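Predicted, not measured: the structure shown is a model, and the values here were computed from it. Along the sequence shown, the residues carry numbers beginning at 1.
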Amino acid sequence: MAKKRYEQNIIDEVNESIVILKRGGLLLYPTDTVWGIGCDATNAEAVNKIFALKKRAESKSLICLVSDFKMLNQYVEKIPEIAYSILKYADQPTTIVYDDPIRVAENLIAEDNTLGIRVVEDGFCKALIKKLGKPLVSTSANISGEKTPMRFPEISEPILEGVDYIVNLQRKHKSTKSSTIIKLKNNGQVEILRK
């Protein structure tokens, strides 16, 4: 019974979130790592709102979440073969920075024409992204330069008040840590940016 209720809660929260995302609004939501601030990754205006809320320089890149490999292929020009192996054998959430992202908001793409993208495993995120049919921006729920909150109660008032909707799931859940970040160049170069 509890499982059924939780699944219904996920459906309800996905439906609420979609309305906000389609209006160009910002979400505060649980991811497979830490609580994140997100928006439609193809909406440059919404992406600007995240930079403003976080007081983050636009030169600092954000990451995107996709629901599966099929969606990943739609937003990266060419995926290095090694990416599939890395993701298949990763034992924790792993974000890969790819060369030549496509079909996302220009202000999401780093100055070196790269973008960090993570294929999510979290049930809510996966359902939300599938329903949206586009990648979701994900950045930690803190003002730039401040400590990343590991639990919902640690999220600051300016962030809570600055988003358009707070997803009502996993508020008691403690995050373990941010994702591993690996940069893959089209020339085969691999660089671990964050373990």
Side-chain angles (χ1 to χ4, degrees), residues 9-67 71-72 74-75 93 95 97 101 103-110 115-175 177-179 181:
N9 287 351
I10 286 181
I11 292 165
D12 293 344
E13 290 300 322
V14 164
N15 291 336
E16 289 285 340
S17 300
I18 287 290
V19 172
I20 300 301
L21 293 170
K22 288 191 170 172
R23 281 200 309 240
L26 303 187
L27 285 184
L28 181 59
Y29 66 107
T31 73
D32 46 356
T33 57
V34 297
W35 273 79
I37 302 169
C39 69
D40 171 352
T42 65
N43 184 330
E45 228 171 90
V47 172
N48 275 335
K49 290 183 195 172
I50 290 182
F51 281 120
L53 176 59
K54 284 186 64 92
K55 298 185 169 86
R56 186 175 174 135
E58 285 192 32
S59 58
K60 287 205 157 192
S61 52
L62 303 172
I63 70 161
C64 289
L65 305 180
V66 294
S67 57
M71 183 179 273
L72 175 63
Q74 295 170 352
Y75 293 92
T95 301
V97 179
R103 299 186 189 94
V104 294
E106 281 294 314
N107 52 350
L108 260 187
I109 301 169
L115 178 62
I117 303 176
R118 186 163 79 246
V119 178
V120 290
E121 294 301 324
D122 176 77
F124 166 74
C125 287
K126 203 178 257 293
L128 177 60
I129 295 163
K130 276 190 172 175
K131 183 151 186 169
L132 182 64
K134 300 173 187 176
L136 194 60
V137 170
S138 183
T139 180
S140 56
N142 58 305
I143 303 294
S144 199
E146 291 181 3
K147 192 170 170 272
T148 299
M150 291 295 150
R151 297 177 14 217
F152 182 80
E154 295 171 10
I155 299 169
S156 69
E157 277 306 310
I159 297 293
L160 295 171
E161 289 168 9
V163 296
D164 300 293
Y165 185 69
I166 301 171
V167 172
N168 193 16
L169 294 169
Q170 300 177 18
R171 293 197 181 179
K172 291 179 173 62
H173 173 73
K174 186 178 186 333
S175 303
K177 63 177 190 168
S178 303
S179 69
I181 301 179

How long is the gap from [atom1] on [X] to [atom2] on [Y], to the nearest 0.5 Å?
X: Leu28; Y: Asn168; atom1: CG; atom2: CG; answer: 11.0 Å
X: Thr31; Y: Ile63; atom1: OG1; atom2: CD1; answer: 7.5 Å
X: Thr33; Y: Leu65; atom1: OG1; atom2: CG; answer: 8.0 Å
X: Cys39; Y: Leu136; atom1: SG; atom2: CG; answer: 7.5 Å
X: Leu27; Y: Trp35; atom1: CG; atom2: CH2; answer: 10.0 Å

Is there a side-chain contact between [X] and [Y] in this structure, where contact means two heavy atoms from C-beta onward sitting under 4.5 Å apart?
X: Val47; Y: Asn43; value: no
X: Tyr29; Y: Cys125; value: yes
X: Pro135; Y: Ile117; value: no
X: Arg118; Y: Val66; value: no

Regarding Ser179 and Thr95, is there a side-chain donor-to-acceptor distance under 3.5 Å anywhere?
->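 Their side chains do contain a donor-acceptor pair, which is all the 3.5 Å distance test asks for.
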Which residue pairs pass the salt bridge (Lys or Arg N to Asp or Glu O under 4.0 Å) test with at least one member in residues 123-138, sequence neighbours excluded?
-> Asp40-Lys134
I need the minimum non-hydrogen distance between [X] and [Y], along with the two atoms involved.
X: Gly24; Y: Lys49; value: O-NZ, 2.8 Å
X: Pro149; Y: Ala141; value: CG-O, 3.2 Å
X: Val119; Y: Ser67; value: CG1-O, 4.0 Å

Should the heavy atoms of other residues, nucleotides or ligands under 6.0 Å from CD of Gln74 be counted, would the total exceed 12?
-> yes
Carefully, step by step, assess Val167 and Ser17 under the rule side-chain contact (heavy atoms from CB on, under 4.5 Å).
-> CA-CA 7 Å; Val167 172; Ser17 300; 3.6 Å; yes
Any chance you could lay out the side-chain contact (heavy atoms from CB on, under 4.5 Å) test for Leu115 and Tyr75, step after step, and finish with the verdict?
-> CA-CA 10 Å; Leu115 178 62; Tyr75 293 92; over 6 Å; no
Could you go through residues 155-165 and list every donor-acceptor pair under 3.5 Å that involves a side-chain atom there, pairing it with any protein atom two or more places apart or in another chain?
residue, atom, partner, partner atom, Å
Asp164, OD2, Leu26, N, 2.6
Tyr165, OH, Glu13, OE1, 2.6
Tyr165, OH, Glu13, OE2, 3.4

